[in-house]
Colleague: 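Can you read through this structure? Questions will come right after.
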Number of protein chains: 2
Amino acid sequence: MSAEPKKAASIWDVAKLAGVSHQTVSRVVNGSPRVAADTRDRVLAAIAELGYRPNRLARTLAGGAAQSLTVLTADTSLYGSEASLRGIEKAARAAGWSVSISVLDPAETHSDADIVARLPRAGEPTIVIAHDEPGMRARRTLLEAQPQAMVAVGEYTGKEFDEPWLIGLDDGQVAGEATRYLLELGHETVHHLAIPTALGIEADRKSHRAEGWADALRQADRPVPPVVHSGWTISEAFEAVKPLVADKSVSAILCGNDDLALAALRAAHLSGRDVPGDLSIVGFDNAPFAAYTTPALTTVNQDFENVGKGAFELLRHRLDSSLPKPTPTWRAPELIIRETSGPPPRR
Amino acid sequence: MSAEPKKAASIWDVAKLAGVSHQTVSRVVNGSPRVAADTRDRVLAAIAELGYRPNRLARTLAGGAAQSLTVLTADTSLYGSEASLRGIEKAARAAGWSVSISVLDPAETHSDADIVARLPRAGEPTIVIAHDEPGMRARRTLLEAQPQAMVAVGEYTGKEFDEPWLIGLDDGQVAGEATRYLLELGHETVHHLAIPTALGIEADRKSHRAEGWADALRQADRPVPPVVHSGWTISEAFEAVKPLVADKSVSAILCGNDDLALAALRAAHLSGRDVPGDLSIVGFDNAPFAAYTTPALTTVNQDFENVGKGAFELLRHRLDSSLPKPTPTWRAPELIIRETSGPPPRR
DNA sequence: AACTCTTTGAAACCCTTGATCATGGTCAAG
DNA sequence: CTTGACCATGATCAAGGGTTTCAAAGAGTT
C-alpha cells in the first residue's frame, strides 16, 4: 500500500542519511577516487536504503557527460530501420544511456525548425537513420546545427564518402555481386525494382544498390533496363512490379528490399509465373520472414544491428574524442542463396 | 561556416534582448494570459531572432508539466509491439512530447532495480508494451513504484480487467470467431500454435487468444487438442509446428500471430500439404506481409497503432485528471479471410 | 484618497555537477 | 619537535534552463 507517491530521494537526502555533504555523495556516485573507503561504504548504504537513483535530467542539465541520445528515423516498420534502431538501443543501454526516438514522416517535408524542435534540447546527441528524402534533409539540418553531436546511418552520396559522421553499408558491391550471380546463371539481363531514393535532393549519384546493379550489367556488356521505381510499402511495390512480372521477357528481378521482393513473388504467382522456374527474384536485407516465404527468398544479408551499434560508438567518439574511434564490427553484406533464384527458362 | 558551436539561446538571452525579465519570457512561452500584448510581441520577436527553443530537460526538472515518456517494450521486431510503439510515438509527437524507448530482453529476468534504472528519473511517465513474462514483471514493478505514472498495453489476466492503467485488446473473442469460422467450414476441430504467454507468472488464465479458441471448441462440443507452444521467432515456430503439420489428421491451425502462421505455411509446403486444400492456416495481427504471402494469409486485423494512441492518451489522463479520459478509438479486431483457409479435405 | 486589478519582477526551487577554498589530520623529511 | 606536503572532506557558490509563488509597481476606478 504505497499510499502517497513518496517523493524520490535526492542527493541531499542521501547526504543527510550518510552524514556527509551532498557532493561527497556525488563523488561516490561518479566514482571519484578521492573518497575514503568507509565513507564510500556509508554513502553506498544510504543510497541502497533510500533507493536513490541519480536523476538523469538534472545530471545532463548540470553539464555532466551526455547519457542520452535521440534517434531520428524513417518508418520504423522497415526492417532495416527497425533493426538498426534495435542495435543502437542495445548498445546504448549497455552503456547506461537512454534513447529517445522520433519518427520522420516519409510523406512530409520537414523544415529545419521541425527537425530541431524534435530534439529535447539544443546540442542533443542525435543519430539519423534514414535513406529517403526526409532523412537526407534531417541529416543536413543537423549537420548544420550541431555537426559534432550527430551521426547518420545510411547511404552516402559521393561527396560524403569519407565524412566522419557517416556510417554506411557499402551495399553497392553486393548488389553487383547479386547481379553477376544472376547473369552467371544464364540470365540475359537483370531488372531492378528500386526502393525510393533521395535522388531528388542529392543528385550526385544513384543509390548504391541501383548503381552496383547497373555497373555489373555494364561490365558484362548487358543492356541496362530502366529502373522500376517503387514506394516503401508492399502494396505500392506490388502495383509497381505487376507490369514487369507480366513481361515474359523478364527473367530476373533484383529488388531493393525484401518487402519489394515479397510483392514481386506474389505478383509472379498471380501472373502464373513460376519462381524460380520462369523468373528469378532476389531481395535485399534478409528480413526475418525471408527464409520462410514460399519459395524461400534469395536475398542479401545486412548486419543492421551491428551497424546500429557502430553508430552509437561513433557518436560517443565524436562527443568525447578521448573515447576510441570505433572500427567497423559489422559483417559485410552477403548474398544468401535460397530458392527464388535459378537459371532462366529455356526458350 | 558555423565555426564555433555557438551556445544555444536561453530564456535569459531572450529576456535581455526583449528588455524584460526571464520569467516574463516564460509566461509568453507558456501562454499565460497575464502578459500585455506589446510585451508579448517584443518577446516573440526576440525568440524568433535568437531561434530560442525551450530546453525540455530543464522544463521537466523544474516541475513543469511532463512532456516526455518512456516506453518499455518487448522485442521491437514483433509487429504488434512495433506498431503500438509507432502509435504512441505519433500521438506523443503530435502533442509535443518526446518518447524514449527501452527494450526488455525476452530472455532475461529483469529485477525491479533493473526496470527502475531504465527510467531517466523517478516518476517518469511510462508505458509498458509487453505480453510476455518480462513485460508482466516490468508492469508489476512499475505499478508498485509509480502507479499513477504508468500505463500498460497488453493482455489482461483476469483480476486487472477493470484496472484503470490497462489498455487491452480483447482478442479472445475474435480468436473464438476465427475458430468458429473454421468449424463452420467443416473442420472437425482446430489446433492452436500459441505464442508464449506469461502464464508462469500470472496463472489465473490462459492468454485470451488461447482461451477464446478453447471456449469456441467447447461450445461446439469439439475436442480441444493440446496447445502447441512456440517461441517468438519464426524459426522456433517452424520447429514447433513441424510435427503438427506432419499429422494428416490436423486440418486447421489457428496461429498466435502471423509470424507463426508464416512458419506453419512454410512447414506445410515442405510437408507437401496443400494450403488451403489439405490444411487451413489462420494467423493473427495482420502484419504487413500477411496479404502478400502465397497463398495470402487469413488473419485477424488488430488496430495496434490506435491502441498505442489510446495508451498515450490514457497516460496523459492519469497524469493530469483534468484531461479527458480517452474513449477507445481503435477498431475492434476483425477476421480477414484471404486464401489460407477453406473447407477440410474430403476423406 | 483609498482600493482593485493588471502587469511585471524578484527570489526560491528542481537536482546535479563542478570548481574553489578552507580545515584538520597524517606522514615524512629536516 | 618543526615544517611542509599531501589527503579526505566539508563548505560555498555558480551554473544549467526552467517553473512557481509572492510581492511590488503602475494604472484605472470609485
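All chains are named by letter (A, B, ...) in the order of the sequence lines, taking the proteins before the strands, and each is independently numbered beginning at 1. Quick caveat, the model's predicted, so the values are computed rather than measured.
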Colleague: Flag the pair B:Arg86 and B:Glu82 as a salt bridge only when some basic side-chain nitrogen lies within less than 4.0 angstrom of an acidic carboxylate oxygen.
Modeller: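 Between B:Glu82 and B:Arg86 there is a salt bridge, with a charged N closer than 4.0 Å to a carboxylate O.
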Colleague: Quickly work out the B:Arg40 CZ to C:dT7 P distance and round it to whole Å.
Modeller: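 Roughly 9 Å, once rounded to whole Å.
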Colleague: Using atom NZ of B:Lys16 as one end and atom P of D:dG17 as the other, report the distance to the nearest whole Å.
Modeller: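 Rounding to the nearest Å, NZ of B:Lys16 and P of D:dG17 are 13 Å apart.
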Colleague: Going by the angle between their ring planes, with limits at 30° and 60°, are A:Phe304 and A:Tyr79 parallel, tilted or perpendicular?
Modeller: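 Aromatic pair A:Phe304/A:Tyr79 classed perpendicular.
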Colleague: Using a cut-off of strictly less than 4.0 Å, decide whether B:Arg59 has a side-chain nitrogen or oxygen near OP1 or OP2 of D:dT19.
Modeller: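 It does, given that an N or O in the side chain of B:Arg59 lies less than 4.0 Å from OP1 or OP2 of D:dT19.
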Colleague: Find the distance A:Ile11:CD1 to C:dG18:P and express it as a whole number of Å.
Modeller: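 For the pair A:Ile11 CD1 and C:dG18 P, the rounded distance is 11 Å.
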Colleague: Determine: side-chain N/O of B:Thr24 to OP1/OP2 of C:dG9, distance under 4.0 Å, yes or no.
Modeller: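 So the side-chain polar atoms of B:Thr24 do come within 4.0 Å of the phosphate oxygens OP1 or OP2 of C:dG9, strictly under.
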Colleague: Reckon B:Arg53 touches a base, only the sugar-phosphate, or nothing at all at heavy-atom distances under 4.0 Å?
Modeller: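 Sugar-phosphate, backbone atoms only, no base.
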Colleague: Between P on C:dT16 and CG on A:Leu57, what's the gap in Å once rounded to a whole number?
Modeller: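 One finds 10 Å between P of C:dT16 and CG of A:Leu57, rounded.
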Colleague: Does a side-chain N or O from A:Ser26 land closer than 4.0 Å to OP1 or OP2 of C:dT17, or not?
Modeller: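 Yes, such a contact exists.
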Colleague: Side chains of A:Ser21 and A:Thr24: any donor to acceptor distance under 3.5 Å?
Modeller: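 Their side chains do contain a donor-acceptor pair, which is all the 3.5 Å distance test asks for.
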Colleague: Looking only at side-chain atoms of A:Asn55, point me to the closest of C:dT16, D:dG17, D:dA11.
Modeller: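 Between C:dT16, D:dG17, D:dA11, the one nearest the side chain of A:Asn55 would be C:dT16.
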Colleague: With a 4.0 Å cut-off on heavy atoms, is A:Val29 in touch with a base, just the backbone sugar-phosphate, or nothing at all?
Modeller: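 The residue A:Val29 makes no contact with any strand.
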Colleague: What is the distance, to the nearest angstrom, from the CG atom on B:Asp38 to the C1' atom on C:dT6?
Modeller: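 Spelled out: CG on B:Asp38 to C1' on C:dT6 is 13 Å.
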Colleague: Taking for each residue the nucleotide of DNA chain C with the nearest heavy atom, is it B:Val20 or A:Ala9 whose nucleotide lies nearer the 5' end?
Modeller: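 Nearest nucleotide further toward 5': that of B:Val20.
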Colleague: I need the CD-C1' distance between A:Gln23 and D:dA11, as an integer number of Å.
Modeller: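 Computing the A:Gln23:CD to D:dA11:C1' distance gives 8 Å.
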Colleague: Using a heavy-atom cut-off of 4.0 Å across all strands, would you classify B:Thr60 as base, sugar-phosphate, or nothing?
Modeller: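 Nothing, no heavy atom under 4.0 Å.
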Colleague: When all nucleic acid strands are considered with a 4.0 Å heavy-atom cut-off, which category describes A:Gly19: base, sugar-phosphate, or nothing?
Modeller: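 Counting heavy atoms under 4.0 Å across all strands, the contact made by A:Gly19 is with sugar-phosphate only.
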Colleague: Please verify the inter-ring angle class for B:Trp97 with B:Phe312; under 30° counts as parallel, over 60° as perpendicular, anything in between as tilted.
Modeller: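 Taking B:Phe312 first and then B:Trp97, their aromatic rings stand perpendicular (interplane angle over 60°).
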Colleague: Can you tell me if B:Arg118 and B:Ser102 form a side-chain donor-acceptor pair at under 3.5 Å?
Modeller: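 Yes - a donor-acceptor pair under 3.5 Å links their side chains.
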Colleague: From D:dG17, C:dC15, C:dT17, pick the nucleotide closest to the side chain of A:His22?
Modeller: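 Minimum distance to the A:His22 side chain belongs to C:dT17.
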Colleague: NA contact type, B:Arg27, heavy-atom cut-off 4.0 Å: base, sugar-phosphate, or nothing?
Modeller: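 It contacts base atoms.
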Colleague: So if I take every side-chain heavy atom of A:Ala62 and compare against C:dT16, C:dG9, D:dG18, which nucleotide ends up nearest?
Modeller: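 Looking only at heavy atoms from C-beta outward on A:Ala62, the closest nucleotide is C:dT16.
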Colleague: Report which part of the nucleic acid B:Arg34 touches: base, sugar-phosphate, or nothing (heavy-atom distance under 4.0 Å, all strands).
Modeller: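 Contact class for B:Arg34: base.
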Colleague: Under 3.5 Å, is there a donor on one side chain and an acceptor on the other for A:Glu124 and A:Thr126?
Modeller: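 Short answer, no.
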Colleague: So, is B:Asn30 near the phosphate of D:dT19, with a side-chain N or O under 4.0 Å from OP1 or OP2?
Modeller: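 Result: yes.
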Colleague: Between P on D:dG16 and CZ on A:Arg56, what's the gap in Å once rounded to a whole number?
Modeller: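 The answer, rounded to whole Å, is 23 Å.
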Colleague: Which nucleotide sits closest to the side chain of A:Leu61: D:dG16, C:dC15, D:dT19?
Modeller: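 Nearest to the side-chain atoms of A:Leu61, counting from C-beta on, is D:dG16.
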Colleague: Of the listed nucleotides (D:dT9, C:dT16, C:dT8), which one gets closest to any side-chain atom of B:Thr39?
Modeller: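 Selected nucleotide (nearest to the side chain): C:dT8.
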Colleague: Output the rounded distance in Å from CD1 (A:Ile47) to P (C:dT16).
Modeller: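 A:Ile47 atom CD1 is separated from C:dT16 atom P by 10 Å.
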